[in-house]
Amino acid sequence: MSLETNLWLIRHAPVDGPRGVIHGPDAPADLGDAAAFAALKARLPPNALAVCSPARRTRETARTLGLEAVDNPAFREQDFGAWTGRRHDDLSTELGEAYREFWKSPAGNRPPGGESFVDQIARARAGLASLPMGDAVLVVHSGTIRAVLAMALDLAPDNALRFVIDPLSLTRIDRLDGGWRVVAVNRRWWI
């Protein structure tokens, strides 16, 4: 009997909204790229456990992929607290040097009323511990996928933030009995 969990980590579809904004959980997904959805759906294992964050955009993405995903708050995006809903440019203008200092070492810093990326890693670790063996498709956020990569590769949190995770991309990671195996990161077959 295999003791591994095969993780199929999908970043949600692009947000249907303005660019440069720290979107909240109610931001909708742009579900218009039928070719991308079809290509991604064809790569997913049948009968896998499907899980998503409780954010609207992950639930909409999962439904469009034909998944009946269960919400799990452990896989939410990092909480940016008072910065949620705000534009990065506006925050930079308003907060000046303090905002720029935050981004010099963002993994351990917390926005006002929010959480750090380190906090998100701990939360994602707890979520992964709750998953059974076998195939699990997680429709989540770029930060969640980076958090899992940090765990799998034993990366310092700041280093894990260097990964680019595009909308509707697939990252494949296996949790083995004694470690991890990274199969693919940020794959997009339709390009």
Side-chain angles (χ1 to χ4, degrees), residues 7 9-33 36 50-65 67 69-130 137-151 155-171 185-186:
L7 301 171
L9 300 155
I10 298 168
R11 182 176 176 198
H12 59 77
V15 171
D16 188 8
R19 297 179 72 78
V21 172
I22 301 171
H23 293 286
D26 60 341
D30 176 351
L31 305 173
D33 193 341
V51 179
C52 65
S53 90
R56 177 179 174 184
R57 58 191 174 272
T58 62
R59 286 185 276 119
E60 290 175 345
T61 300
R63 274 195 303 274
T64 304
L65 288 167
L67 301 170
V70 176
D71 288 0
N72 186 329
F75 299 119
R76 317 181 263 104
E77 182 60 284
Q78 181 179 345
D79 181 357
F80 281 90
W83 294 356
T84 302
R86 307 273 317 272
R87 290 184 164 286
H88 286 284
D89 290 347
D90 294 342
L91 288 165
S92 180
T93 300
E94 179 183 320
L95 302 175
E97 189 58 31
Y99 187 73
R100 288 184 286 284
E101 281 298 315
F102 175 90
W103 293 106
K104 288 182 181 175
S105 183
N109 292 331
R110 289 185 181 99
E115 66 180 345
S116 70
F117 180 60
V118 171
D119 298 330
Q120 184 179 19
I121 291 171
R123 190 167 32 77
R125 186 182 311 278
L128 289 178
S130 72
V137 176
L138 280 65
V139 182
V140 292
H141 307 271
S142 58
T144 309
I145 296 169
R146 289 179 185 115
V148 177
L149 284 165
M151 289 179 255
L155 293 175
D158 277 313
N159 293 340
L161 290 172
R162 296 176 184 168
F163 281 102
V164 171
I165 307 296
D166 293 314
L168 288 176
S169 65
L170 174 66
T171 295
V185 176
N186 200 43

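The figures here come from the full heavy-atom set of this structure, side chains too, leaving out hydrogens, waters and symmetry mates.
- Side-chain contact between I165 and L149 is present, with at least one heavy-atom pair separated by less than 4.5 Å.
- Between the side chain of S92 and the backbone N or O of H88, no donor-acceptor pair lies under 3.5 Å.
- A heavy-atom distance below 4.5 Å is not found between the side chains of V164 and V185.
- A distance of 8.5 Å separates CD1 of I10 from OG1 of T61, quoted to the nearest 0.5 Å.
- Among E77, E115, R76, R125, the one residue that satisfies the side-chain hydrogen bond (donor to acceptor under 3.5 Å, both in side chains) test with Q120 is E77.
- Taking F102 as the reference, W83 meet the ring-ring contact (aromatic ring centres under 6.0 Å, His included) condition, with sequence neighbours excluded.
- In plain terms, the two heavy atoms of L31 and A13 that are nearest each other are CD2-CB, 4.3 Å.
- Between the side chains of S116 and D119, at least one donor N or O lies within less than 3.5 Å of an accepting N or O.
- Other residues, nucleotides and ligands place no more than 12 heavy atoms under 6.0 Å from the CZ atom of R19.
- The two residues N72 and S130 come nearest to each other via the heavy atoms ND2-OG, 3.9 Å.
- Of all heavy-atom pairs between S169 and N186, the closest is OG-OD1, 3.0 Å.
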- Task: Could you walk me through whether F163 and I145 pass side chain to side chain contact (heavy atoms under 4.5 Å, CB included), step by step?
- Result: CA-CA 9 Å; F163 281 102; I145 296 169; over 6 Å; no
- Message: Could you go through E60 and R57, starting from their C-alpha distance and side-chain angles, then the distance that decides it, and tell me whether this counts as salt bridge (Lys or Arg N to Asp or Glu O under 4.0 Å)?
- Response: CA-CA 5 Å; E60 290 175 345; R57 58 191 174 272; over 6 Å; no
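- The shortest distance between side-chain heavy atoms of L128 and L7 falls below 4.5 Å.
- Counting heavy atoms from C-beta outward, L161 and P106 have side chains that approach closer than 4.5 Å.
- Side-chain atoms of R59 come within 3.5 Å of backbone atoms of P54 as a donor-acceptor pair (strictly under, hydrogens ignored).
- Note: R63 CZ to T58 OG1 = 9.0 Å, rounded to the nearest 0.5 Å.
- When side chains are defined from C-beta on, L91 does not count as touching F80, because their heavy atoms never get closer than 4.5 Å.
- Looking only at distances, no side-chain donor or acceptor of N109 sits under 3.5 Å from a matching main-chain atom of W103.
- At a threshold of 4.5 Å between non-hydrogen side-chain atoms, the residues C52 and H12 do not count as touching.
- In terms of the side-chain contact (heavy atoms from CB on, under 4.5 Å) criterion, residue partners of P157 (sequence neighbours excluded) are, by chain and number, A107, F117, V118, I121.
- At a threshold of 4.5 Å between non-hydrogen side-chain atoms, the residues L67 and V139 count as touching.
- Here the closest heavy-atom approach between residue H141 and residue S53 is recorded as NE2-OG, 2.7 Å.
- Atom CG of L170 sits about 14.0 Å away from atom CZ of R11, to the nearest 0.5 Å.
- Side-chain N or O atoms of R123 include one that pairs as donor or acceptor with a backbone N or O of A74 at under 3.5 Å.
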